[in-house]
> 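Below: one structure in structure tokens.
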Amino acid sequence: MLELLNEAQRNAILEVNGPVIVYAGAGSGKTRTLTYRIAYMILEKGINPSNILAITFTNKAANEMKERVKALVEFDYYSLTVSTFHSLCARILRKEAHHLGYENNFSIVDEDDQHKIISDMLNEAKEDKRKARVLQKEISYNKCFELKSDDPWIRKYSDIYEEKMKKSNLFDFDDLLLKVRDLFLENKDVLEKYRKKFEYILVDEFQDTNKTQYQLVKLLALNSRNLFVVGDDDQSIYAFRGANYENIKLFKKDFPEHSSFTLNQNYRSTQFILDGCNRLISHNEDREKKSLFSDVKGDESDVCVFQAYDEKDEVRYVVDQIELKKNRNNRYEDFAILYRSSTLLRNFELGLIRHGIPYKVYGGVSYLRRREIKDVIAYLKLIVNSNDMVSFKRIINVPSRGLGDATIQKIEHLKDEYGLTLFSAIDSCKTLLPKAKYDELQDFKELIDRYKKDMETTFLVNLYDKLLDELKYLDYLKEEDPDTFDDRKDNLKEFRSILISVESSKEDLPRIERLKAAFDEAILSDEFLQSQKEDPHGVTVSTIHSIKGLEFDYVFLVGLEEGIFPSPRSIEEGNLEEERRVAYVATTRAKKKLYLTYTNQRLLYGARQRNTPSRFLQEFLGFNIKKKEERRYNDNYSFGDLDYDNDRISPMNKIKKEEKKEKVDVYTQDASIYHVGDRVIHTKFGEGIIVAINKDIGSIFFDSEHRMVNLLLTHNALSKK
DNA sequence: AATTCTGCGTTTTTT
DNA sequence: ACGCAGAATT
């Protein structure tokens, strides 16, 4: 096993005891080093996996690491803890929250819930609800940075919010970290327990930890001293939510006996690409000087710069290049389109759809945030914890029971005023409400109680089926919006399979605990949620922030313009170093070829912008480029002087140019003639069935292609069978 | 209470 | 350009 590693990696692995810091550049085999180290600890050093805690940044990374360790040790060491900070803290609080004066069956609120809570709070105080968004941001910001706002209005409502959360037994994302930190500081016994348990701690993406997170690992590792951190200051891109690579300095101070290793050899990109990356990042003052090198030399053709006429032109160029390369024996999953801000997503998505290119979007609206999923989770949560006011409010009128805001407010008022439980508050409403509404509430209460009993004995899935059936929830969805019904039904089906896996995993926990754990995961994790309509073999379309750690043969970094990337905000705040690191993360993703594109002009936020090429582009290349102003929309692609690409003008461009000249509008059909379930024929893909429709875009499964394709239903190539 | 209309704010990045 | 919250309407 050790022979598969280079010297620096090997050294970093062999030193199992004591504090270790590894400076791991992009593509230097960081994940490999971490997983091999864990395997080495278990197999060679005989360390009990249950004493190892590995912390990653995303749930996705956590799962991947678990899989890779599993493959190495050839055993399912489920007692090994690989987790994000947030999941870990949630799990600890489930056991220990009572020490802090919370009940252990607290609920975790996500951003949507939090927004609702804050806006209700402002409403109650007769304040403008529209300030909720700002207040929510402020509250979270201040918690991340552990600051107190100097605005008295913010302070006032932050305090009221905190009170409310405590009283309602709720934690938001930031609380999870802060409360566990406080718990460790206040309660020596609890701290000691977890110190014993987590004798060996490994932290991935250390540069992205914030103050609280560092305090947490420091507290845990202070006695054992077995703290292994891996990071790269150049890839620190989460400062906006409190990440602070000063933590690297703190680590050195707090663990002065540490040893350090540097992984500088890059196994991902060619040297030609890396030269550009190194040039780019060297413009940052505040960093450890270092540069990456590769054994693969590469040449000019590895980097291609393209000035598009406008945003549509940019899309066409990218799509054409993908088609071209795809024809040369590449797979769609080898490509990624990366952008700074998700506003750029839309155009690319449309372009890909038009060409029938499969794709997957990272960082979009997650599956679990869909309405129907949040509804059923709210039901289940209320069954587990019948005092969960957030869930109650969400579903008391879903499906409609004729109980609106007025009724809810009466109940909540009673509950808060007299410190009642939700259900006794409902009972106490008898004289305040019309009989019909009171009866509805009693029926609802009875339903929840009945399922609570069932939960002891019934399989989750069966209970879930029964619940949906009794609520006639599917009928309700169908009536609500027939167009999205099939989509939502699929989501519910997918959730059902999640419940099955919940039932079979974590068998060491009692059923109720298992459910709670599942809900925590559901809220904190963006994992199993990729919608099934997304093609796992498609082109990746993503913000730079969401693809950290991944790599692709061909990377298109688009929108490289001043005012887009760097963003206006970062220019305004003079915060360009962080922005440059984001650019660095993007360019270091490319293995074989990196495309850098910018436009002459673009339509954005309803206005036409004319931006100059991004400074990052120039820094990457090492020389200045001028924008070519004179260019006509229907011109063929003219490549700048900086085009290193041999592909030059693809035949497709010519075809498209002709199409354009003839001004043949191929989108003339009425999308509404199509319905979910219709059999259709497409001139290119053959026969298929419409699986879902979203506005004028249909998801169609084509028989001969054996895959789902998203298409504009208005296109003439499509017809009903 | 549900549905439609209007006008406002928003767009950096996310566990 | 777009989505969402609040108002107005049924």
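If you're wondering where the values come from, they're calculated on a predicted model, not measured in any experiment. We name chains A, B, ... by the order of the sequence lines, and we start the count at 1 in each one.
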> Please determine whether a side-chain nitrogen or oxygen atom of A:Ser87 lies at a distance below 4.0 Å from atom OP1 or OP2 of B:dT15.
no
> Could you pull out all residues at least two apart from A:Glu349 that satisfy salt bridge (Lys or Arg N to Asp or Glu O under 4.0 Å)?
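Counting only residues at least two positions away or on another chain, A:Glu349 forms no salt bridge (Lys or Arg N to Asp or Glu O under 4.0 Å).
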> Round to a whole Å and report the spacing from CG of A:Asn347 to C1' of C:dA1.
11 Å
> Taking only residues two or more places apart in sequence, or in another chain, which ones meet A:Tyr157 in a side chain to side chain donor-acceptor pair (under 3.5 Å)?
A:Glu127
> According to side-chain contact (heavy atoms from CB on, under 4.5 Å), who are the partners of A:Gln442, at least two apart in sequence or on a separate chain?
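If we apply the side-chain contact (heavy atoms from CB on, under 4.5 Å) test to A:Gln442, skipping adjacent residues, the hits are A:Ile426, A:Asp427, A:Tyr438, A:Lys445.
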> Side chains of A:Leu250 and A:Asn247: does their closest heavy-atom pair fall under 4.5 Å?
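The answer is yes; the side chains approach within 4.5 Å.
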> Take the protein atom CD1 of A:Ile237 and the nucleotide atom P of B:dT15, then report the distance between them rounded to whole Å.
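Going from CD1 in A:Ile237 over to P in B:dT15 covers 11 Å.
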> Of the listed nucleotides (B:dT13, B:dT15, B:dT11), which one gets closest to any side-chain atom of A:His86?
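The answer is B:dT15.
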> If you define the side chain from C-beta out and look only at heavy atoms, does anything of A:Asn142 sit under 4.5 Å from A:Ile139?
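Side chain of A:Asn142 against side chain of A:Ile139, heavy atoms only: no contact under 4.5 Å found.
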> Which whole-number value in Å describes the distance from A:Leu350 CG to C:dA1 P?
14 Å
> Would you kindly compare A:Val582 and A:Thr407 by the position of their nearest DNA chain B nucleotide and give the one closer to the 5′ end?
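It is A:Thr407, whose closest nucleotide lies nearer the 5' terminus.
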> B:dT14 P sits how many Å from A:His545 NE2, rounded?
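Computing the A:His545:NE2 to B:dT14:P distance gives 7 Å.
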> When the distance from CZ of A:Phe240 to P of B:dT14 is rounded to whole Å, what number comes out?
6 Å
> What nitrogen or oxygen pairs link the protein and nucleotides 4-6 of chain C at under 3.5 Å?
residue	atom	partner	partner atom	Å
C:dG6	OP2	A:Lys129	NZ	3.4

> Using side chain to side chain donor-acceptor pair (under 3.5 Å) as the criterion, list what pairs up with A:Arg241, not counting sequence neighbours.
none
> Could you list the residues that satisfy salt bridge (Lys or Arg N to Asp or Glu O under 4.0 Å) with A:Glu311, not counting sequence neighbours?
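Here no residue qualifies.
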> What pairs with A:Phe556 under ring-ring contact (aromatic ring centres under 6.0 Å, His included), at least two apart in sequence or on another chain?
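Expected list: A:Tyr595.
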> Among residues at least two apart in sequence or on other chains, which ones pass salt bridge (Lys or Arg N to Asp or Glu O under 4.0 Å) with A:Asp388?
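Residues passing salt bridge (Lys or Arg N to Asp or Glu O under 4.0 Å) with A:Asp388: none at all.
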> Just how far, in rounded Å, is P of B:dT13 from CD of A:Glu573?
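From A:Glu573 CD to B:dT13 P: 14 Å.
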> Protein-nucleotides 8-10 of chain C N/O pairs closer than 3.5 Å?
none

> For nucleotides 2-4 of chain B, print each protein N/O atom paired with a nucleotide N/O atom at under 3.5 Å, atom names and distance only.
residue	atom	partner	partner atom	Å
B:dA2	OP1	A:Ser400	OG	3.0

> Indicate, with a heavy-atom threshold strictly under 4.0 Å, whether A:Phe57 touches base, sugar-phosphate, or nothing.
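Sugar-phosphate, no base atom in range.
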> In this structure, how many angstroms lie between the C1' atom of B:dT13 and the CD atom of A:Glu579, rounded?
9 Å
> Rounded to whole angstrom units, what separation is found between the CG atom of A:Leu344 and the C1' atom of C:dC2?
15 Å
> Quick one: list whatever passes ring-ring contact (aromatic ring centres under 6.0 Å, His included) with A:Phe251, sequence neighbours left out.
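ring-ring contact (aromatic ring centres under 6.0 Å, His included) check on A:Phe251 returns A:Phe255, A:His258.
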> Which part of the nucleic acid does A:Tyr238 contact within heavy-atom distance under 4.0 Å: base, sugar-phosphate only, or nothing?
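Touches sugar-phosphate only.
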> Which residues pass the salt bridge (Lys or Arg N to Asp or Glu O under 4.0 Å) test with A:Arg91, not counting sequence neighbours?
none
> Below 4.5 Å, heavy atoms only, C-beta onward: do A:Thr31 and A:Val230 meet side chain to side chain?
no
> Name the closest nucleotide to the A:Arg346 side chain, picking from C:dC2, B:dT14, B:dT11.
C:dC2
> Quick check on DNA chain B: between A:Ser567 and A:Phe85, whose nearest nucleotide comes earlier from the 5' end?
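Nearer the 5' end of the strand: A:Ser567.
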